[in-house]
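Here's the structure, in structure tokens; my notes come after.
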Amino acid sequence: MSTLNLDDFSDLIERPDGGVRRDAEERRERLAVPPGALGRLDELAEWLAAAQGQVPVKPIERPRVVLFAADHGIASAGVSARAASTGHELVRAVLDGASPVAVLAGRLGATIRIVDAGLDCDPGLLPADVTGHRVRRGSGRIDVEDALTAEEAEAAVRLGMRIADEEADSGTDLVVLGDLSVGGTTVAATLVAALCGTDASVVTGRGGLPIDDLAWMRKCAAIRDALRRARPVLGDQVALLAAVGGADMAAITGFLLQCAVRRTPVILDGVVSAACGLVAQRAAFRAPDWWLAGQASGEPGQAKALDRMALNPVLDHGVTVGEGTGALLALPLVQAAAALAAELPERAAAEPTE
């Protein structure tokens with residue numbers, strides 16, 4: 001039995017400052033641009049102001065892309081378009097600047113941090129600052145065995161908490177969260193189905209690299225079998241992550257919870273971060289108020305999770321590549337919203353709003 005109880009976060013996490021949000025709304029009413037004319041940018045600015053606890057909202061100066069990497073044993077069941085144990089190739093592409101998230105991050109002024117929570121490769125293939133946090137090499141095949149031991153699951157959650165503290169202490173003012181995983185969408189869909197009480201077919205998507213119909217049926221079967229193993233431990237989030245999660249999933253869950261404790265706003269990417277958010281919400285119902293859904297990935301499991309957390313995606317551009325790319329594309333909109341809210345002039349006292 002784990003000594004870590006995620007329910008304790010419920011007492012540690014407060015909602016973003018509601019008074020500040022109302023102040024931001026009142027300031028918006030006074031701006032020269034008519035209310036409603038900026039669409040959802042107003043909502044983004046008010047969310048960010050509440051997270052920062054100040055009006056006018058500050059510009060985003062130190063955005064950070066944080067990517068958790070791992071290989072999932074379930075990939076060996078033929079549920080992914082990628083070969084099992086090739087997560088290190090995704091990491092290498094980011095490090096070499098050859099992936100979409102690496103290209104965009106450079107253009108948008110965001111730095112990237114990669115955390116190897118459970119890649120199945122020789123640590124020597126990647127830099128030590130990436131692999132130095134690894135909890136274990138790969139994870140168990142969740143349809144027939146636990147992904148992690150209880151001790152590994154707790155260690156992974158604490159790893160995520162530690163990374164969140166490091167980012168907050170270093171001055172990161174907005175996190176773009178993503179994952180670099182093989183088999184991750186299968187694991188994420190299992191967590192969503194377990195927590196939402198749905199069947200496998202309802203949450204099973206095609207993954208970042210779309211799979212064919214036969215692979216999709218294998219994926220459904222794997223999730224169905226994993227759900228049988230998940231249901232007995234639904235009351236314990238750490239046990240659930242050990243049974244049908246993985247080192248990256250547990251780390252992301254801990255990261256999201258501790259970011260909320262540290263009042264660090266986070267943009268979620270696809271189904272993996274959404275599934276971990278759902279686990280975190282089960283522990284602390286206020287935590288999702290600190291997160292923004294960056295994009296709709298097209299994965300049915302993500303849509304289910306975001307609906308449960310009442311998060312409305314900022315973008316819907318059909319981006320399925322993962323790696324935090326879709327969430328990163330939302331960053332300029334948040335930055336634009338902050339700039340407009342802070343820098344637009346207020347109208348003269350007698351000037352009408354229409």
- [ ] Go through Val65 and Thr111 one step at a time and tell me if the side-chain contact (heavy atoms from CB on, under 4.5 Å) criterion holds.
- [x] CA-CA 6 Å; Val65 180; Thr111 56; over 6 Å; no
Open item on the list: Within this structure, what is the CG-CD distance for the pair Leu4 and Gln237, rounded to the nearest 0.5 Å?
Closed with: 9.5 Å
Scan the side chains in residues 302-313 for donor-acceptor partners under 3.5 Å anywhere in the protein, sequence neighbours excluded, and list what turns up.
residue	atom	partner	partner atom	Å
Gln302	OE1	Ser297	N	2.8
Gln302	OE1	Ser297	OG	3.0
Gln302	NE2	Asp269	O	3.1
Gln302	NE2	Gln295	O	2.8

Task: Backbone of Ile74 reached by a side-chain donor or acceptor of Arg141 within 3.5 Å - done: no
Task: Separation between CG of Leu241 and CG of Leu191, rounded to the nearest 0.5 Å - done: 6.0 Å
- [ ] Would you indicate whether the side-chain heavy atoms of Ile112 and Arg64 approach each other to under 4.5 Å?
- [x] no
Open item on the list: When you measure from the side chain of Arg229 to the backbone of Ile142, do you find a donor-acceptor pair of N or O atoms at a distance under 3.5 Å?
Closed with: yes
- [ ] List the atom of Trp216, the atom of Gly205, and the distance in Å for their closest heavy-atom pair.
- [x] CD1-O, 3.5 Å
Task: Heavy-atom side-chain contact between Val94 and Val91 under 4.5 Å - done: no
- [ ] State yes or no: do Leu180 and Val176 share one hydrophobic cluster built from I, L, V, M, F, W and Y residues joined by side-chain heavy-atom distances below 4.5 Å, directly or via other members?
- [x] yes
Task: Sidechain-backbone polar pair: Asp236 side chain, Ala239 backbone, donor-acceptor under 3.5 Å - done: yes
Task: Ion pair check, Arg113 and Glu167, cut-off under 4.0 Å - done: yes
TODO: Work out which heavy atom in Phe285 is nearest to a heavy atom in Pro288; give both atom names and the distance.
DONE: O-CD, 3.4 Å
Task: Donor-acceptor contact present, side-chain Asp17 to main-chain Val20, <3.5 Å - done: yes
- [ ] Measure the NE2-OG1 distance between His88 and Thr131 for me, rounded to the nearest 0.5 Å.
- [x] 12.5 Å
Open item on the list: One thing to verify: whether Arg228 and Asp225 come together as a salt bridge, which I'm taking to mean a side-chain N less than 4.0 angstrom from a carboxylate O.
Closed with: yes
Open item on the list: Taking the side chain as everything from C-beta on, heavy atoms only, tell me whether Leu177 gets closer than 4.5 Å to Ile267.
Closed with: no
- [ ] Taking only Lys NZ, Arg NE, NH1 and NH2, and the carboxylate oxygens of Asp or Glu, determine whether Arg82 and Glu89 approach each other closer than 4.0 Å.
- [x] no
Open item on the list: Working to the nearest 0.5 angstrom, can you tell me the gap between Glu154 CD and Thr3 OG1?
Closed with: 3.5 Å
TODO: Answer yes or no: does atom CZ of Arg30 have more than 12 heavy-atom neighbours from other residues, nucleotides or ligands under 6.0 Å?
DONE: yes
- [ ] Decide side-chain contact (heavy atoms from CB on, under 4.5 Å) for Thr264 and Trp290; before the verdict, give the C-alpha distance in whole Å, the side-chain angles of both, and the deciding distance to 0.1 Å.
- [x] CA-CA 7 Å; Thr264 305; Trp290 293 95; over 6 Å; no
- [ ] Please report the C-alpha distance between Glu43 and Arg40 in whole Å, then the side-chain angles of each, then the deciding distance to 0.1 Å, and finally whether the salt bridge (charged side-chain N to carboxylate O under 4.0 Å, His left out) criterion is met.
- [x] CA-CA 5 Å; Glu43 175 192 333; Arg40 196 171 177 191; 3.4 Å; yes
Task: Side-chain donor/acceptor of Ser273 to backbone N/O of Gly270, under 3.5 Å - done: yes
TODO: Starting from the C-alpha separation in whole Å, work towards a yes-or-no answer on side-chain contact (heavy atoms from CB on, under 4.5 Å) for Leu67 and Val115.
DONE: CA-CA 6 Å; Leu67 305 173; Val115 180; over 6 Å; no
TODO: Enter the distance from Glu29:CD to Asp42:CG here, rounded to the nearest 0.5 Å.
DONE: 9.0 Å
Open item on the list: Could you check whether Arg137 pairs with Asp120 (Lys NZ or Arg NE/NH1/NH2 to Asp/Glu carboxylate O, under 4.0 Å)?
Closed with: yes
TODO: Can you measure from CG (Asp146) to OG (Ser139) and round to the nearest 0.5 angstrom?
DONE: 10.5 Å
Open item on the list: Does this structure show an ion pair linking Arg27 with Glu346, if we count only N-O contacts that are shorter than 4.0 Å?
Closed with: yes
Open item on the list: Please check: side-chain N/O of Arg134 versus main-chain N/O of Asp116, any donor-acceptor pairing under 3.5 Å?
Closed with: no
Task: Taking every non-hydrogen atom, the tightest pair across Leu119 and Gly87 - done: CD2-C, 3.7 Å
Open item on the list: Do Gln335 and Pro59 make a side-chain contact, defined as non-hydrogen atoms from C-beta onward lying under 4.5 Å apart?
Closed with: no
Task: ILVMFWY network linking Ile163 to Leu12, side-chain heavy atoms under 4.5 angstrom - done: yes
Open item on the list: Side-chain heavy atoms nearer than 4.5 Å, only ILVMFWY residues, links allowed to pass through others: does that put Leu108 and Ile114 together?
Closed with: yes
- [ ] Taking atom types as modelled, find out whether Asp179 and Ser181 have a side-chain donor-acceptor pair closer than 3.5 angstrom.
- [x] yes
TODO: Measure the shortest side-chain to side-chain distance between Asp169 and Arg262 over non-hydrogen atoms and say whether it is less than 4.5 angstrom.
DONE: yes
Open item on the list: Do Leu256 and Leu268 have side chains that approach each other closer than 4.5 Å (heavy atoms only, starting at C-beta)?
Closed with: yes
Task: Common cluster, Val233/Val192, ILVMFWY with side-chain heavy-atom separation under 4.5 Å - done: yes
Task: Side-chain donor-acceptor pair present, Thr172, Arg62, cut-off under 3.5 Å - done: no
Task: Heavy atoms of other groups near Glu145 CD, more than 12 under 6.0 Å - done: yes
Task: ILVMFWY cluster, Leu227 and Leu240 together (side-chain gap under 4.5 Å) - done: no
Task: Side-chain donor-acceptor pair present, Lys219, Ser80, cut-off under 3.5 Å - done: no
Open item on the list: Could you report the tightest heavy-atom contact between Val272 and Met249, atom names first, then the distance?
Closed with: CG1-SD, 3.6 Å
Open item on the list: Looking at Glu61, is its backbone amide N or carbonyl O close enough to the side chain of Asp173 to form a donor-acceptor pair, meaning the two atoms are under 3.5 Å apart?
Closed with: yes
TODO: Compare every heavy atom of Thr190 with every heavy atom of Ala226, then report the nearest pair and how far apart it is.
DONE: CB-CG2, 3.7 Å
Task: Phe255 backbone acceptor or donor facing Gln258 side chain under 3.5 Å - done: no
Open item on the list: Does any part of the side chain of Val319, heavy atoms only, come nearer than 4.5 Å to the side chain of Leu329, both counted from C-beta?
Closed with: yes
TODO: Keeping the roles fixed (side chain from Arg286, backbone from Ala260), state whether a donor-acceptor pair exists under 3.5 Å.
DONE: no
Task: Contact check, side chains of Arg136 and Leu148, non-hydrogen atoms, under 4.5 Å - done: yes
Open item on the list: Using every non-hydrogen atom in the two residues, find where Ala337 and Ala45 come nearest and quote the distance to one decimal.
Closed with: O-CB, 3.5 Å
TODO: Might you work through the side-chain contact (heavy atoms from CB on, under 4.5 Å) test for Leu234 and Leu195, ending with a clear yes or no?
DONE: CA-CA 7 Å; Leu234 277 176; Leu195 292 170; 4.1 Å; yes
Task: Pro16 backbone acceptor or donor facing Glu14 side chain under 3.5 Å - done: no
Under 3.5 Å, side-chain donor or acceptor atoms of residues 207-215 against the rest of the protein: list the pairs with distances, not counting sequence neighbours.
residue	atom	partner	partner atom	Å
Asp212	OD1	Leu214	N	3.3
Asp212	OD1	Ala215	N	2.8
Asp213	OD1	Arg206	NH1	2.9
Asp213	OD1	Arg206	NH2	3.0

